[in-house]
Amino acid sequence: VMITGLERSSGGSGSLVGPAMVSDRSRGDLASWSTSAILRIFLLQQLGVFALSYWNAQLVGLKNRRTEGLGSRNNVIILYLLLCSLVFHAALQHTCCDMWRYATFSCVSGATAILWTLVQACFEGVSLSADSISNWSFFTWVSFSVLLVLLVFVFYWHCRHMVDKVEYLKTSLLCCLIFAIMCIIASKFSLHVHHWFSSLLLCLFLGSSDKVVSRVAQALAFGIFTHGGACFGFAGIFKDVPDCNK
């Protein structure tokens with residue numbers, strides 16, 4: 001009678017494995033690890049990706065790259081690791097729920113950080129500053145338009161499936177308000193939106209969905225963020241203002 005009751009309660013399957021046990025088993029080996037342990041591995045991993053991205057830029061001869069040795073860039077590396085910790089807690093913990101997601105995110109973001117140098121080498125002198133935009137070529141405008149269409153699609157798809165939409169809207173409005181105040185009090189209103197900054201914002205925004213499109217786009221954004229910090233440093237978006245990594 002007890003066995004029959006168990007079979008009925010489990011839909012007739014006769015299995016004694018509850019949903020919690022199935023969930024834990026599907027999460028992979030990382031389920032038994034603490035968040036702090038995964039974070040330590042993540043930071044060490046990103047330190048290696050940072051170095052590889054930097055050395056690849058030196059090998060390719062990327063224009064305007066930082067040419068000093070890694071030992072003289074300790075301040076940038078510290079700032080990068082701090083930002084990685086922020087991104088991990090704010091947006092990346094969903095990628096660490098099992099070994100497969102962690103591995104795929106690491107591979108996609110790491111490859112993007114290292115290979116983005118080749119992409120940027122094809123667009124030397126191209127940036128999101130007003131001076132650069134006024135001199136864009138036809139090929140640059142076409143490439144930017146395609147990228148913009150892809151971003152609109154990703155934003156649309158992500159917003160349809162994101163969780164806590166109201167909370168994200170409140171946070172976005174607060175960030176916009178703070179940025180507006182910064183623009184008002186700026187000694188000189190001249191912006192240069194570096195790709196480390198725009199990709200960091202995109203990575204944080206894409207952290208509230210479990211869909212594949214959002215996760216892949218987030219990994220790409222995180223890789224571009226790493227590339228920007230490794231190859232150029234964290235230059236400020238307000239021109240003629242001392243950079244935060246000087």
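Count residues from 1 along the sequence.
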Same cluster (ILVMFWY, side-chain, under 4.5 Å), L47 and W55: yes
Hydrophobic cluster membership, I77 vs I41, 4.5 Å side-chain cutoff: yes
Check: H195 ring centroid to F232 ring centroid under 6.0 Å: yes
W136 atom CH2, over 12 foreign heavy atoms within 6.0 Å: yes
Cluster link V142 to L151, ILVMFWY, side chain under 4.5 Å: no
Verify same cluster id: L202, L150 (apolar side-chain graph, 4.5 Å): no
Ring centers of F225, Y80 separated by less than 6.0 Å: yes
From L115, I114, L62, N56, residue fulfilling side-chain contact (heavy atoms from CB on, under 4.5 Å) relative to H227: L62
Flag side-chain contact, heavy atom, 4.5 Å: V154 against S214: no
Polar side-chain atom of H158 near backbone of F205 as donor-acceptor pair, under 3.5 Å: yes
Rounded distance (nearest 0.5 Å) linking atom CG of L148 with atom OG of S143: 12.5 Å
Aromatic plane relationship, W141 with F144 - under 30° parallel, 30 to 60° tilted, over 60° perpendicular: perpendicular
Pairwise distance CZ(R73) to CZ(F50) - rounded to 0.5 angstrom: 4.5 Å
T104 OG1 to M99 CE distance, which is reported to the nearest 0.5 Å: 11.5 Å
Full working for side chain to side chain contact (heavy atoms under 4.5 Å, CB included) between K211 and W157: CA-CA 9 Å; K211 299 299 180 180; W157 183 266; 3.8 Å; yes
Min side-chain heavy-atom separation F88-I38 under 4.5 Å: yes
Nearest non-hydrogen partners of V87 and C203, listed with the distance: CG1-SG, 3.7 Å
Interatomic spacing from OG in S53 to CD1 in I224 - rounded to 0.5 Å: 11.0 Å
V49 versus G110, closest heavy-atom pair with distance: CG1-CA, 4.0 Å
Student check: side-chain heavy atoms of Q46 and F42 closer than 4.5 Å: yes
Stepwise side chain to side chain donor-acceptor pair (under 3.5 Å) check, S109 with T112: CA-CA 5 Å; S109 61; T112 303; over 6 Å; no
Distance flag, aromatic centroids of F234 and F197, threshold under 6.0 Å: no
Closest heavy-atom pair and its distance - G233, V76: CA-CG1, 4.3 Å
Donor-acceptor pair, side chain of R40 and main chain of T35, under 3.5 angstrom: no
Closest non-hydrogen atom pair between F222 and C84, with its separation: CZ-SG, 3.9 Å
Reported CG-to-CG distance for the pair L59 and L52, which is rounded to 0.5 angstrom: 11.5 Å
Hydrophobic cluster membership, F153 vs L220, 4.5 Å side-chain cutoff: no
Interatomic distance, L83 atom CG to L86 atom CG [nearest 0.5 angstrom]: 6.5 Å
Side chains of K170 and L173 in contact at under 4.5 Å (non-hydrogen atoms): no
